[in-house]
Amino acid sequence: MGTHSHHHDYNFSEQYKFAGTAKVLSLVAIVVGIVAVALGLLSSDHIMVERTYANLLLMGYYFTCVCAAGAFFVALQLVTQSGWSAGLIRIPQAMASILPIASVILFIIIALGLSTHNLYHHWHAEGLTDPNSPNYDALVAGKASYLNMPWFLGRQIIFMGLYSVFAVILAKLSYNEDLVGGLNSYKQSFKLSAIFLVIFGFTTPIWSFDTIMSLEAHWFSTMFGWYNFAAMWVSGLCVITLILIFLKKAGYMSWVNENHLHDLGKLIFGFSIFWTYVWFAQFMLIWYANIPEETVYFYKRWEPEYKPWFWINIIINFVAPLLLLVDRDAKRRLNVMMCVCILLLLGHWLDYYIMVMPGTVETHRGFGYIEVGTAIGFMGIFIFLVMSKLSRHPLAAKNHPFLDESLHHQI
C-alpha cells in the first residue's frame, strides 16, 4: 500500500470502546428478554407457551438472518472487488463473526420447539404419517421423507454450520491482513467468497423452507426462499447502516462519508423494491389462480386479526422506503437514514411476524410483553456481541487493497 501521506489525519488503528451506556443498555435488554421468555414458558396457559416459542423462533431466525446477511455482504464485496465498501467492511465482518452464536441459539429453539411439540406440530404431531391413525394426513405423509426430525435438524446443522464456518474464516482472514499485509489474505478470501456465495445462494431458500415455510406443511411456494432472502438482505443492510451511523455519531470512522452512506441507501432502496417484487409475485399469482391448496396461506392472513397488519407490512416495507429514499439528499443524511433503517427493521419484524404467527398460534395472535420482551432481549444479545466484537479490532482494514479507493469514493 505504501504510506498514506495525504491521509495523515485518519487514524486507521483507532478502536471502538464498548463501555458505558451502550454496554449497560444491551445487558439490561438481555435481562428483560430472559424475564419475558421465562414468564411465557412458565405460564400455565398452553397458548402462552406456544406464543413464546413462536416469538423465540421469529427473533432467533431474524437474528441469524441479519448475521448471515453480514457474511453475504462481506463475500459479495470481495467477489465483485468493490472498493467503496473497504472503509466500512469491519461492521459486516463483526456481524458475520457472531453467526455461529446466532446459529446455535436458533438451533436450540428449533430443537426444543420440535421436542415439546410447540413448533412444527403441523408435520411433527403424533400419528400424522400412520395410515391407521385417526390423525393421518396424506399430504404430510407424502413429505415424511423430507420433513422428519433427524433429517430436518440435520439440514439445519449443515446449512448453518457451513454459513458459520465461511463467515468466521472470512472475518479471520481480514483481521490477519491487518497484521501481515500483502495480498495473500485477500486472494484466499476471494476464492472462499466465490464458493460461499454459490452455497449460500442454493441453500438459503431451502433453509427458509425448513425454518419458516414448514410451519404450515401443506402449503408451498417456490418464491418463498427469495422472499426470505430479500427480507434478510434489506434487514442486514439496515443494521450495517445503523451501526455505521452510531459509530459516526460517536466520533469514529471519520474516513466514511456521505458518499458511502448514499451507496448503502441505494442498496436499501433497491432491495426494498426487490422484496416487494417477490412479495407481489407470490401474492398476485396465488390470488389470481385461486387454487385452494395455494390460497390456504393467504386465507389465514386475511382473517380479521391479521388483515390490517398484512397491508401495513406493505406500507412500511415498500411505500415508506420508496417515498423516503427516492430523493438523493435523503440517502446522504445520517438522521434520515437512521429513521428509515429503524422503520424498516420494525417493518421486517412485522413481515416475519406475519410469516410465523398464523402457522403457530393461529387465531390466538397477541401483541404484548412476550413479543416486545423477546425482541428487546435478542436486540440486546445482538448489540452486546457485535459491539464487543467490533471493539476487539481496529475499525479500518488498514491493509485492504482497495482502502484508498474507498477514501476517494464520490458519487
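Keep in mind the model is a prediction, meaning the values are calculated, not measured. Scope of the values below: all heavy atoms of this structure, side chains included, with no hydrogens, waters or symmetry mates.
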| query | Between atom NZ of Lys23 and atom OG of Ser26, what is the distance when rounded to the nearest 0.5 Å? | reply | 8.0 Å
| request: Say whether, by atom type as modelled, one donor and one acceptor occur between the side chain of Lys331 and the main chain of Lys266 under 3.5 angstrom. | output: no
| field | Sidechain-backbone polar pair: Asn228 side chain, Ser208 backbone, donor-acceptor under 3.5 Å | value | no
| task | Please check if atom NZ in Lys307 has more than 12 non-hydrogen atoms from other residues, nucleotides or ligands closer than 6.0 Å. | result | yes
| message | His262: which residues meet the ring-ring contact (aromatic ring centres under 6.0 Å, His included) condition with it, sequence neighbours left out? | response | none
| field | Atom pair CD1 (Ile243) and NZ (Lys248), whose distance is rounded to the nearest 0.5 Å | value | 15.5 Å
| said: Contact between Phe73 and Met95 at the side-chain level, heavy atoms closer than 4.5 Å - yes or no? | reply: no
| request: Any chance you could measure Ile105, atom CD1, to Thr64, atom OG1, to the nearest 0.5 Å? | output: 7.5 Å
| Are Tyr120 and Phe152 close enough that some pair of their side-chain heavy atoms sits under 4.5 Å apart? | yes
| request: Kindly say whether the aromatic ring centers of Trp255 and His260 come within a distance under 6.0 Å. | output: no
| message | Please determine whether a side-chain nitrogen of the Lys or Arg among Glu177 and Lys398 lies less than 4.0 Å from a carboxylate oxygen of the Asp or Glu. | response | no
| said: Please tell me whether Phe318 and Trp279 form a close aromatic pair, meaning their ring centres lie under 6.0 Å apart. | reply: no
| ring-ring contact (aromatic ring centres under 6.0 Å, His included) partners for Tyr175, two or more places apart | His393
| task | Give a yes or no on this: more than 12 heavy atoms of other residues, nucleotides or ligands lie within 6.0 Å of atom OH of Tyr299. | result | no
| request: Establish, yes or no, whether a centroid distance under 6.0 Å links the rings of Phe378 and Tyr62. | output: no
| Main-chain N/O of Glu305 paired to Arg365 side chain as donor or acceptor, under 3.5 Å | yes
| said: Quick check: Trp207 with Phe159 (ring centres under 6.0 Å apart)? | reply: no
| task | Flag yes if more than 12 heavy atoms outside Asn184 fall under 6.0 Å of its CG atom; otherwise flag no. | result | no
| field | Any side-chain heavy-atom pair of Asn335 and Ile245 under 4.5 Å | value | no
| Whether over 12 other heavy atoms sit under 6.0 Å from Tyr288 OH | no
| request: Count the heavy atoms of every other residue, nucleotide or ligand shown that sit under 6.0 Å from NZ of Lys191, and state whether that count exceeds 12. | output: no
| Verdict with reasoning, Phe367 to Val372, per side chain to side chain contact (heavy atoms under 4.5 Å, CB included) | CA-CA 8 Å; Phe367 185 78; Val372 176; 3.8 Å; yes
| query | Looking at CZ of Phe298 and CH2 of Trp287, how far apart are the two atoms once the value is rounded to the nearest 0.5 Å? | reply | 12.5 Å
| message | Can a donor-acceptor pair be found, under 3.5 Å and without considering hydrogens, that links the side chain of Arg155 to the backbone of Tyr146? | response | yes
| Glu14 (side chain) donor-acceptor with Met253 (main chain) under 3.5 angstrom | yes
| Closest non-hydrogen atom pair between Ser235 and Leu345, with its separation | O-CD2, 3.5 Å
| said: Less than 4.0 angstrom from a charged side-chain N to a carboxylate O is my criterion; do Glu216 and Arg301 meet it? | reply: yes
| said: Tell me whether the count of non-hydrogen atoms from other residues, nucleotides or ligands lying under 6.0 Å of CH2 in Trp349 goes above 12. | reply: yes
| request: State plainly whether the residues Arg333 and Glu258 are in salt-bridge range, i.e. N to O under 4.0 Å. | output: no
| task | Test side chain to side chain contact (heavy atoms under 4.5 Å, CB included) on Asp178 and Arg90 and set out the steps. | result | CA-CA 11 Å; Asp178 277 7; Arg90 281 289 140 92; 2.8 Å; yes
| Leu192 versus Ile169: any side-chain heavy-atom pair under 4.5 Å? | yes
| request: Report the C-alpha distance between Leu57 and Leu215 in whole Å, list the side-chain angles of each, state the deciding distance to 0.1 Å, and finish with yes or no for side chain to side chain contact (heavy atoms under 4.5 Å, CB included). | output: CA-CA 11 Å; Leu57 177 69; Leu215 289 166; 3.9 Å; yes
| task | Count the heavy atoms belonging to other residues, nucleotides or ligands that lie under 6.0 Å from OH of Tyr277, then report whether that count exceeds 12. | result | no
| Between Asp329 and Arg332, does a salt bridge (Lys or Arg N to Asp or Glu O under 4.0 Å) hold up when you go through it step by step? | CA-CA 5 Å; Asp329 270 3; Arg332 298 173 78 87; 5.5 Å; no
| Test item: Asn55 side-chain N/O and Ile370 main-chain N/O as donor-acceptor pair under 3.5 Å | no
| field | Trp233/Cys65 under side chain to side chain contact (heavy atoms under 4.5 Å, CB included): CA gap, chis, key distance, verdict | value | CA-CA 8 Å; Trp233 184 224; Cys65 279; over 6 Å; no
| request: Please tell me if the side chains of Tyr53 and Ile110 come closer than 4.5 Å, counting only heavy atoms from C-beta onward. | output: no
| Rounded distance (nearest 0.5 Å) linking atom CD1 of Ile199 with atom OG1 of Thr204 | 11.5 Å
| Can the ring centroids of Phe224 and Phe229 be said to lie less than 6.0 angstrom from one another? | no
| task | Return yes if some donor-acceptor pair links the side-chain N/O of Ser214 with the main-chain N/O of Thr211 below 3.5 Å, else return no. | result | no
| note | One should read off an interatomic distance between Ser174 OG and Tyr186 OH, to the nearest 0.5 angstrom, of 11.0 Å
| said: Quick check: Trp302 with Tyr306 (ring centres under 6.0 Å apart)? | reply: no
